[in-house]
Structure formats: structure tokens, C-alpha cells
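Here is the structure we will look at, set down as C-alpha cells.
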Number of protein chains: 4
Amino acid sequence: MDDEQRRRGRPRSAEADRAILEAARDLLIADGYEQLTMQAIAERAGVGRQTVYRRWPSKAGIVAEAVMAGLLSPVPSDMAGGADATAPADLRAWLHAAAVGLSDATNLTIVRALAAAAAETDAGAIRLYRAFTEQGRTDLIDLLRTAVARCEVRADADLEAAADAIQGAVLYTALAYRPPKVEHLDSLADLLLAGLAPR
Amino acid sequence: MDDEQRRRGRPRSAEADRAILEAARDLLIADGYEQLTMQAIAERAGVGRQTVYRRWPSKAGIVAEAVMAGLLSPVPSDMAGGADATAPADLRAWLHAAAVGLSDATNLTIVRALAAAAAETDAGAIRLYRAFTEQGRTDLIDLLRTAVARCEVRADADLEAAADAIQGAVLYTALAYRPPKVEHLDSLADLLLAGLAPR
Amino acid sequence: MDDEQRRRGRPRSAEADRAILEAARDLLIADGYEQLTMQAIAERAGVGRQTVYRRWPSKAGIVAEAVMAGLLSPVPSDMAGGADATAPADLRAWLHAAAVGLSDATNLTIVRALAAAAAETDAGAIRLYRAFTEQGRTDLIDLLRTAVARCEVRADADLEAAADAIQGAVLYTALAYRPPKVEHLDSLADLLLAGLAPR
Amino acid sequence: MDDEQRRRGRPRSAEADRAILEAARDLLIADGYEQLTMQAIAERAGVGRQTVYRRWPSKAGIVAEAVMAGLLSPVPSDMAGGADATAPADLRAWLHAAAVGLSDATNLTIVRALAAAAAETDAGAIRLYRAFTEQGRTDLIDLLRTAVARCEVRADADLEAAADAIQGAVLYTALAYRPPKVEHLDSLADLLLAGLAPR
DNA sequence: TTTTAAGCGAGACGGTACGTCGTGTCTTGTT
DNA sequence: AACAAGACACGACGTACCGTCTCGCTTAAAA
């Protein structure tokens with residue numbers, strides 16, 4: 001089966017793809033989503049405007065792709081707990097890392113941009129949010145699953161729901177408080193751990 | 001003593017204020033935040049463009065004001081539990097109401113618009129989110145406080161943190177899932193209630 | 001009989017009249033007719049906008065009035081020839097004075113403004129041009145009539161036609177040449193004097 | 001050798017140039033210079049507003065170009081005298097034709113528009129007047145030169161000064177009198193011919 | 001090889017919204 | 001009444017982007 005029939009004519013420049021996404025990321029971080037324009041992206045990428053449109057129909061699409069490509073990841077994801085870690089410590093560490101990450105103006109800008117981009121696609125909004133939070137979600141679920149194995153979390157808990165709740169709470173706290181309410185996140189950790197603890 | 005020194009010249013039309021906010025709300029719900037333009041707002045409000053700019057510098061400001069004025073309240077707020085209600089029932093009822101509210105395309109549009117508006121103000125973003133969620137937050141805290149009084153929730157719980165976490169989780173679920181994962185919210189309720197329960 | 005029935009209410013401020021015309025003149029000289037606005041006139045005159053509109057319907061009207069009031073006279077008019085003057089000398093003196101007057105940037109600006117103002121009134125254009133040139137026309141005709149009396153100009157010459165021709169030629173030369181072609185005006189004087197001389 | 005280095009990008013539409021100038025001319029004739037707007041020009045030309053600004057910075061520039069392009073020539077120029085014509089007859093014929101031309105409301109509107117356009121360019125004013133009158137000036141000088149050859153005009157006359165004076169007088173008469181004073185022009189012709197006649 | 005087809009930078013095109021400014025009118029309270 | 005102040009509906013200003021469309025050119029597969 002031949003899935004790749006070579007298209008004729010000059011092939012698209014992979015370099016241009018990269019340059020466009022990077023330009024979009026840089027401008028996004030610098031000026032925010034609203035100020036981001038196709039025009040400016042093309043100029044900064046050193047690329048014709050049509051070359052951008054040939055690839056993506058709108059800036060929301062570009063931002064989405066940049067997120068997918070991992071060019072815009074807000075929270076450092078390597079929160080794998082050490083051998084001697086416990087569930088409470090792991091969870092608190094994750095939440096603290098998230099809080100620190102979202103304290104940074106750049107990352108906050110990215111989150112807001114994401115929200116703005118999601119507001120105009122409608123169809124892509126869900127995909128966009130999921131892509132953005134996928135890594136953290138996986139990490140959290142792994143973390144909790146490990147805790148279940150250690151009998152620090154009860155076996156019948158809905159880990160996915162917990163992970164979503166944590167991410168939602170973290171994002172909301174980051175967006176609605178400046179500086180982020182770290183004590184809220186600590187309380188949240190206590191609360192969840194109490195709820196998740198084996199009876 | 002009259003501290004109200006009458007300002008000179010023709011006073012601003014309160015009618016125009018109202019018309020502008022309503023026009024903005026209608027257009028926002030109909031077309032989304034990105035399509036919303038100062039031009040269109042003015043036209044629909046039957047008002048000169050300058051009359052809009054005289055009051056608000058940008059569409060983000062108008063949306064913010066509309067939120068403050070309660071013209072855009074996403075979640076029905078009269079969730080006061082009945083006399084025989086219990087904490088689990090109340091919380092589940094609130095979460096269900098929120099889920100139902102955010103299932104509505106109109107309210108989802110509003111939430112997304114809010115996120116987009118918040119992305120471009122920077123200074124006003126926090127104020128905006130807080131205004132938007134204030135009512136629900138108050139309701140939730142009241143609800144939980146009542147539960148504390150009934151000894152259904154332990155006295156040393158951080159109710160504010162819980163309320164923020166709930167709102168964040170609900171909003172995130174609404175934005176990242178379509179249709180909203182009601183079962184997630186149910187699990188979330190279980191989790192929180194377990195965590196909040198007296199030891 | 002008193003046909004002047006006193007009007008009721010507060011009488012119009014003569015001071016305002018003056019201030020408006022002077023403001024218009026100053027702004028006109030400074031920035032040209034196109035930049036002249038009712039707004040700016042009112043502000044510079046220290047007067048409400050309505051106070052201007054109450055008196056004149058448009059900037060063309062104000063400029064016309066300013067011309068009528070002699071606030072904008074381009075050519076110094078005291079060209080009355082001395083007792084020992086002769087027609088050739090008088091005419092050359094007048095043309096030189098006109099050329100010198102129109103060499104001044106201020107006066108040139110005024111002439112151009114006049115042309116612009118005349119372009120938009122249509123009805124008032126003729127009145128405007130005539131008011132502007134009336135003084136010079138009268139002077140010229142007097143000058144020529146004196147010359148007729150001295151038998152330096154033949155009696156059957158059409159002095160009005162000559163005066164109009166002179167003014168037209170002078171204005172055109174001022175508008176179409178920069179610096180003004182004084183030698184053209186000298187040649188014109190020669191030409192006209194030859195044509196006007198007694199046979 | 002090719003000194004014409006091809007400019008990059010899509011070339012400007014010559015069609016748009018033409019459409020804009022024609023639209024400007026039509027609107028100018030219809031409504032006068034003051035009512036002429038870049039907006040209206042673009043609409044009538046069926047062209048984007050930017051396409052107009054890309055070419056000319058202001059309506060004065062457009063009017064100037066239209067004059068240069070001969071789209072706005074007020075006086076029919078083919079006044080070449082017949083074989084049996086004489087200087088007096090030719091000159092009178094020219095003046096009459098000019099008077100007739102400027103009697104027409106359209107042409108008068110154009111002349112006034114020209115004056116208004118000239119009032120706001122300052123730099124281009126002279127160029128504009130000269131372009132507008134160039135054809136007539138040339139015709140007049142030719143006419144007078146022919147008369148010199150026939151010994152109907154003396155050889156040392158300053159023909160350029162005479163031509164400018166005639167044009168100025170004609171334009172002024174057209175602007176300051178309504179209906180134009182044809183008898184003044186006749187008198188002017190007599191006067192000039194007497195002045196120009198060989199001694 | 002030559003042809004053909006697509007990509008590319010550049011920039012003009014018809015549009016639309018921006019935010020500002022001026023217009024002429026209309027309230028305000030004061031003189 | 002007239003006045004200063006200033007809001008009002010309106011509409012043109014000149015700019016910035018939108019998404020599309022030529023241009024001349026490059027690039028690489030197909031003929």
C-alpha cells in the first residue's frame with residue numbers, strides 16, 4: 001500500500017513551517033494573542049504572507065499547532081516522584097511546580113493566549129485545551145496511580161476526574177489571582193488527599 | 001453641604017450606556033468575541049461610534065462592564081439549599097446546575113468570550129475573572145458554611161480554597177469537554193465531600 | 001419712527017464677533033484655509049462653538065466677513081499718487097506695491113484661502129472676490145481717472161476693464177509664479193500704458 | 001542593456017489609475033472640490049480606499065494629476081487662426097472662446113476646484129496653475145508671434161507677459177463676475193491691441 | 001532535456017475595522 | 001435670549017490587517 005504518492009512541483013519548505021511557528025510563539029509571548037497578526041508572523045518568519053496561509057487558515061490554527069508541537073508548554077512536566085516520595089509530597093510538589101510555572105509572566109501570557117485562541121475556533125477549542133493539558137494530565141494520573149499502588153490513595157477513586165479537577169483549579173487560580181494563591185493550592189492538596197485517602 | 005458639583009455641559013445619556021452594553025451582549029452571544037467590533041456595537045445600539053469610545057476604550061472594557069453589570073451571568077445563582085438539604089445533595093445540585101448552565105451554547109460562548117477579553121486586558125483580567133465568578137463563589141462558600149454548621153463538613157476546612165477549586169474545575173471541564181463530563185463532576189463532588197468530611 | 005424693536009433676552013456679544021473674526025484670520029494665516037475649522041476658531045476665540053454657528057453658517061462665511069471687515073487686505077491701499085506723479089509712475093508704483101504685497105507668504109496664503117473659500121460657496125464666490133478686490137479696484141480707477149484728467153490716458157478708454165485686467169493679471173502672476181515675476185508686471189505696465197496712451 | 005529592473009510583486013493596475021482619475025473628475029464636476037472625498041472617489045472608481053492612497057496622498061494631488069492628464073481642460077485650445085485672420089480678430093476670438101468656456105458651470109466649477117486644490121498644496125500650487133494654463137499660454141504666444149510676423153504687433157513686445165496678463169484677466173473676470181463680463185474682455189482686447197500695435 | 005506544476009517572496013487588490021477629528025445639533029446650568 | 005461646556009449622530013480621515021490575486025523566480029518530479 002502506497003500512502004505517500006509524491007506530489008509534483010516544488011515541495012513545501014520544512015524550514016518555513018518551523019520559522020512560522022517560532023515567529024508565532026515569539027510574537028505571542030511578546031505581545032499577546034490579540035496583537036498577533038498573520039502579517040507580523042510572516043514578516044518575522046521572513047516568509048511571504050501566502051506561505052503562511054498555505055499552511056494554516058488562521059492564527060488560532062497556528063497557535064494550536066504550536067501548542068501541539070510543544071513549543072508552548074507552560075508547566076515543566078518531569079514531576080516523576082523519587083523512590084522515597086509519598087503521595088502527599090508528590091502532589092504538593094506538582095502543584096507548587098505548576099504555581100511557580102504560572103507565576104512567570106510568559107507562561108501566564110501563553111495561557112491567556114490559549115484561552116483567546118480557543119474562544120474563536122469553537123470546533124478546535126476542545127482539541128486545543130486537551131493538547132495543552134495532556135502532558136500534565138498524564139503526569140498527574142501516573143502520579144496518582146503510583147500512590148494507589150502504594151496504598152496511599154484508595155483504589156476506587158476516579159483518578160481522571162481528580163486530575164481534571166486539579167488542572168482546572170490550577171489554571172483558574174493562575175488566571176483569577178495575581179500573585180497566584182499558593183496557599184489555596186496547598187489547601188487544595190490537603191483537601192484532595194483527604195478525599196483520596198483510603199478509608 | 002453639596003459635594004455634588006454639577007458638571008457642566010450636557011450630561012451623558014444613561015440610555016446610551018444601557019443600549020451599548022445590551023448591544024455588546026447580544027452581539028457577543030450571537031457571534032463570539034472575535035467578531036465583536038466597536039463599529040457593530042455602536043450601530044446596534046443606535047449610537048455614534050464616538051459615544052462608545054467616550055465611555056470605554058476597547059471591547060474588552062465593554063465586556064468587562066457587561067459582566068460586572070450582571071448582563072452576562074453564566075450560572076443561575078439561586079442554589080440556596082432547602083431546609084432538609086444536606087451537604088452532598090447541595091454540592092451535587094450546584095455542580096449539576098453549573099454543568100447544565102455551561103452545556104448551553106450561549107453560556108459557553110460567554111465563558112470563552114470572557115477568556116478572550118481577559119487575554120487582552122492584562123491589568124483587568126483578574127478583576128474580570130473575579131467579577132464573573134464572584135456570585136458563584138459566594139454561593140458556594142455559603143453552601144459549605146451551612147454544611148459546617150450542620151457538622152457535615154469539618155470546621156477547619158479552607159472553604160475559599162474549596163470554592164475556587166470547584167469553580168476552576170467546573171470551568172475547565174466546560175471548556176475542555178464537549179459535552180461536559182457530568183460524571184467527572186459527580187466524581188469531583190464525591191472526592192471533595194470525602195475530603196471535607198469530618199474525621 | 002423707530003423700526004428698531006429691541007430684541008428680548010441677552011444681546012449678542014460684540015466682543016465675540018470680533019474675537020471670532022480675529023481668531024479666524026490668525027488661524028487662516030497660520031495654517032491655510034483647508035486646516036481652518038469651526039472648532040479651532042471657537043477655541044482660539046475663547047467662545048462656545050454654538051456662538052460661532054449662531055453668527056455664521058460656515059467657515060467660508062466667516063472668511064468672507066473677515067475680508068469685508070478689512071481684516072484680510074492683501075495690498076496696502078494708500079497708493080494715492082503725489083501731486084507731481086505721472087500715470088506711468090503711478091501705475092508702476094501700484095503694480096510694484098502689489099507685487100511686494102503678494103511676495104509676502106502671509107498675503108499669498110490669504111489669496112489662496114480666498115480662492116478656496118470662493119470654491120465652496122458658489123453663491124458667495126462673486127461677492128467674496130469683489131469685496132477682496134474692491135479697494136484696489138477703486139484705487140486703480142481713481143488713479144487712471146486722474147491720468148485722464150492729466151491727458152496721460154485717453155478719454156475713451158474703458159477704465160473699469162483696465163482695472164479688472166490689472167488685478168486679474170497681478171493675482172494670477174502671484175499665484176502662478178514663485179517668486180512673482182516682477183518683470184512681467186513691468187512689461188504689463190508698459191503694455192497697458194501704451195494701450196491707454198492718447199493717440 | 002536593460003535599465004528597467006523589473007519591480008517585484010504584483011504591478012499596479014493602470015486601470016485603477018484611470019478609474020480613480022475619472023471618478024475624481026466626475027465627482028469634482030458634480031459636487032465641487034469641498035465635497036470631494038477620498039472615500040467617494042474610491043467608491044465611484046470601484047476600488048479599495050488604500051488603492052487610492054497608494055497612489056496619491058490627498059485629493060489635491062489627484063486633482064493635480066487629473067489636470068496634468070488633460071482630464072480637466074477648461075478652454076478648447078484649437079484657436080489657430082485661419083489664413084486670412086488678423087491679430088485683432090484672433091485675439092478677440094480667443095477671448096470670446098475663453099469667455100464662453102468659462103460661462104459653462106462645469107468649467108467654472110473646475111477652475112474653482114483648481115484654486116481650492118492649489119490652496120492646500122502650497123508646494124504644488126505653482127505647478128498646478130501652470131499645468132492648467134500651459135496650453136492656453138502656448139496658444140496665445142503662438143498667436144501673438146504670428147501677429148508679430150505679420151507686423152500687426154511690434155517686435156519688441158513682451159509676449160509672455162502679455163499672455164500671462166490675458167490669462168489672468170480672463171480667469172479673474174470669470175471668477176469675479178457672473179455672468180462673465182464679455183464687454184470687459186472686448187475692451188481688454190482693444191487695450192492690449194493698442195498697446196501691442198507697432199508705433 | 002524539456003516540460004509542467006507547485007512553492008516561494010513580494011506586493012497590489014477590494015474590503016473592513018480601527019481610533020480620531022470635525023460637523024452641525026442638542027441639552028445642561030449660568031449670566 | 002445668549003453664553004461656555006460638552007454630549008450627541010454622523011461621516012471622512014489615514015492606517016492596519018484581512019484573505020486573495022498576480023508577478024517573476026525557484027525547485028523538483030514527469031515526460
Side-chain angles (χ1 to χ4, degrees), chain A residues 5-16 35-43 45-55 57-59, chain B residues 5-16 35-43 45-55 57-59, chain C residues 6-13 15-16 34-43 45-55 57-59, chain D residues 5-17 35-43 45-55 57-59:
Chain A
Q5 99 272 11
R6 285 315 232 112
R7 296 222 302 295
R8 302 209 310 171
R10 179 172 172 174
R12 290 194 182 169
S13 159
E15 177 63 18
Q35 316 304 333
L36 188 66
T37 66
M38 298 297 262
Q39 199 121 308
I41 292 171
E43 276 162 23
V47 135
R49 216 132 48 81
Q50 194 66 248
T51 299
V52 181
Y53 282 108
R54 201 172 287 125
R55 290 161 166 76
S58 65
K59 61 178 181 173
Chain B
Q5 95 274 12
R6 280 321 232 109
R7 294 220 307 298
R8 296 199 297 180
R10 179 171 173 177
R12 291 198 182 165
S13 160
E15 176 63 20
Q35 316 303 333
L36 186 66
T37 67
M38 298 298 262
Q39 200 122 305
I41 292 171
E43 275 163 25
V47 133
R49 213 132 45 86
Q50 196 67 50
T51 299
V52 181
Y53 282 109
R54 200 174 287 125
R55 291 162 166 74
S58 65
K59 60 179 182 172
Chain C
R6 285 312 235 109
R7 297 223 302 296
R8 303 203 311 170
R10 178 173 170 177
R12 289 195 182 167
S13 159
E15 176 63 17
E34 202 74 13
Q35 316 304 334
L36 187 66
T37 67
M38 298 297 262
Q39 200 124 301
I41 292 171
E43 275 162 25
V47 134
R49 218 133 48 81
Q50 194 65 249
T51 300
V52 180
Y53 282 109
R54 202 172 285 124
R55 290 161 166 76
S58 67
K59 61 179 181 173
Chain D
Q5 97 275 11
R6 281 318 234 108
R7 294 218 306 298
R8 296 197 296 181
R10 178 171 172 177
R12 292 195 181 166
S13 160
E15 177 62 18
D17 283 63
Q35 316 303 332
L36 187 66
T37 67
M38 298 296 262
Q39 200 121 305
I41 292 171
E43 276 163 24
V47 134
R49 213 132 50 82
Q50 196 66 45
T51 299
V52 181
Y53 283 110
R54 200 174 287 127
R55 290 162 165 75
S58 66
K59 60 179 182 171

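Below, chains carry the letters A, B, ... as their sequence lines are ordered, and counting in each starts from 1. The structure displayed is predicted, hence computed values, not measured ones.
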### Message
I need the CZ-C1' distance between B:Arg12 and F:dG6, as an integer number of Å.
### Response
9 Å
### Query
Is there a side-chain polar atom (N or O) of A:Arg54 under 4.0 Å from OP1 or OP2 of F:dC21?
no
### Message
Looking at D:Asp17 and D:Arg12, is there a salt bridge between them, counting it only when a charged N and a carboxylate O are closer than 4.0 Å?
### Response
no
### Distance in angstrom units between C:Glu34 CD and F:dC13 P, rounded
11 Å
#### Entry: Of B:Val47 and C:Arg55, the one whose closest DNA chain F nucleotide lies more 5'
C:Arg55
## Note on the structure
Those residues at least two apart in sequence (or on a different chain) that pass side chain to side chain donor-acceptor pair (under 3.5 Å) with B:Gln39 are B:Arg49
### Non-hydrogen atoms of B:Val52 and B:Met38 that approach each other most closely
CG1-CE, 3.8 Å
#### Entry: Whole angstrom value for the distance that separates P of E:dC26 from CD of B:Glu15
19 Å
### Message
Side-chain N or O of C:Thr51 versus OP1/OP2 of F:dA2: is the shortest distance under 4.0 Å?
### Response
no
### Message
If you compare all heavy atoms of B:Ser13 against all heavy atoms of B:Ala16, which two are closest, and at what distance to 0.1 Å?
### Response
OG-N, 3.0 Å
Listing time: all N or O pairs from protein to nucleotides 20-24 of chain E that are below 3.5 Å?
unit_1 : atom_1 : unit_2  : atom_2 : d
E:dC21 : N4     : B:Gln50 : OE1    : 2.6
E:dT23 : OP1    : C:Met38 : N      : 2.9
E:dT23 : OP2    : C:Met38 : N      : 3.4
E:dT23 : OP2    : C:Gln39 : N      : 3.1
E:dG24 : OP2    : C:Tyr53 : OH     : 2.9
E:dG24 : N7     : C:Arg49 : NH1    : 3.1
E:dG24 : O6     : C:Arg49 : NH2    : 3.0

Using the 3.5 Å cut-off, write out each protein N or O paired with an N or O of nucleotides 23-26 of chain F and the distance between them.
unit_1 : atom_1 : unit_2  : atom_2 : d
F:dT26 : O2     : A:Arg10 : NH1    : 3.2

## Note on the structure
Sorted by position of nearest nucleotide on DNA chain F, 5' first, the leading residue of B:Gly46 and C:Gly48 is C:Gly48
